[in-house]
Amino acid sequence: MKQSLGLLEVSGLALAINCADVMAKAASITLVGLEKTNGSGWTVIKITGDVASVQSAIITGASFADLQHGLVAHKVIARPGEGILSRAAPAGPAPTREADQQPDTEVVTEESEPEGNPADREVSCNLCLDPACSRQKGDPRSLCLHSGK
């Protein structure tokens, strides 16, 4: 079945999230993403799915946005050309069916410290950028090795 692409442009991120929720509840679609556009806080909602579902979702989302006085534009591309959906969709692994997956037989081993120069290790602390610091991004600042300096 051929996929279609739906675009709904609204004014504001909060309205975009509400519209995406309404569209997802109205039809069987896949939300590709929200993209902030240039100017006036406009946001584009990108969805994919079969033609009828995308048309239904876009009509529902556009009417909801119009009621909130935030509709900018909307468009459904029924059967986009080759390469259009691949650019609209984020890159990632293709979804697999559960029946096709093999059972996990992986043996978990303890991680050891990487050998070599400490400067070659990956930086995890976004405050001091010291590879020896055990603080992870999002942890309290007090856990940083250099928090008192």
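Along the sequence shown, residues are numbered consecutively beginning with 1. The figures here come from the full heavy-atom set of this structure, side chains too, leaving out hydrogens, waters and symmetry mates.
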Checklist entry - Does Ala52 offer a backbone N or O that forms a donor-acceptor pair with the side chain of Ser56 under 3.5 Å? => result no

Checklist outcome for this item: Heavy-atom nearest pair, Ser53 first then Ile29, reads O-CG2, 3.7 Å

Item to check | Spacing of Ile59 atom CD1 and Leu8 atom CG [to the nearest 0.5 Å] | outcome: 11.5 Å

Item to check | Min side-chain heavy-atom separation Thr48-Ser4 under 4.5 Å | outcome: no

Item to check | Polar side chain donor-acceptor pair, Asp66 to Ser63, under 3.5 angstrom | outcome: no

Checklist entry - Do Val44 and Met23 belong together in a cluster built from hydrophobic side chains that touch within less than 4.5 Å? => result no

Checklist entry - Does any non-hydrogen side-chain atom of Leu71 lie less than 4.5 Å from one of Phe64? => result no

Checklist entry - Any idea which heavy atoms bring Leu15 and Gly70 closest together, and the distance? => result CD2-CA, 3.6 Å

Checklist outcome for this item: In short, Gly61 meets Cys19 closest at the heavy-atom pair O-SG, 3.7 Å

Checklist outcome for this item: The remaining residues in the hydrophobic cluster of Trp42, counting side-chain heavy-atom contacts under 4.5 Å among Ile, Leu, Val, Met, Phe, Trp and Tyr, are Val72

Item to check | Chi angles and distances behind the side-chain contact (heavy atoms from CB on, under 4.5 Å) call for Glu9, Thr43 | outcome: CA-CA 6 Å; Glu9 190 168 23; Thr43 305; over 6 Å; no

Checklist entry - At what distance, to the nearest 0.5 angstrom, does CD1 of Ile58 lie from NZ of Lys75? => result 11.0 Å

Checklist entry - Can Val10 be reached from Val22 by stepping across I, L, V, M, F, W or Y side chains whose heavy atoms are under 4.5 Å apart? => result yes

Checklist outcome for this item: Which of Leu5, Leu7, Val54, Val76 passes side chain to side chain contact (heavy atoms under 4.5 Å, CB included) with Ile47? Answer is Val54

Checklist entry - Is it true that a side-chain atom of Gln3 and a backbone atom of Gly49 form a donor plus acceptor pair closer than 3.5 Å? => result yes

Item to check | Pairwise side-chain contact, Glu35 with Lys46, heavy-atom cut-off 4.5 Å (strictly under) | outcome: yes

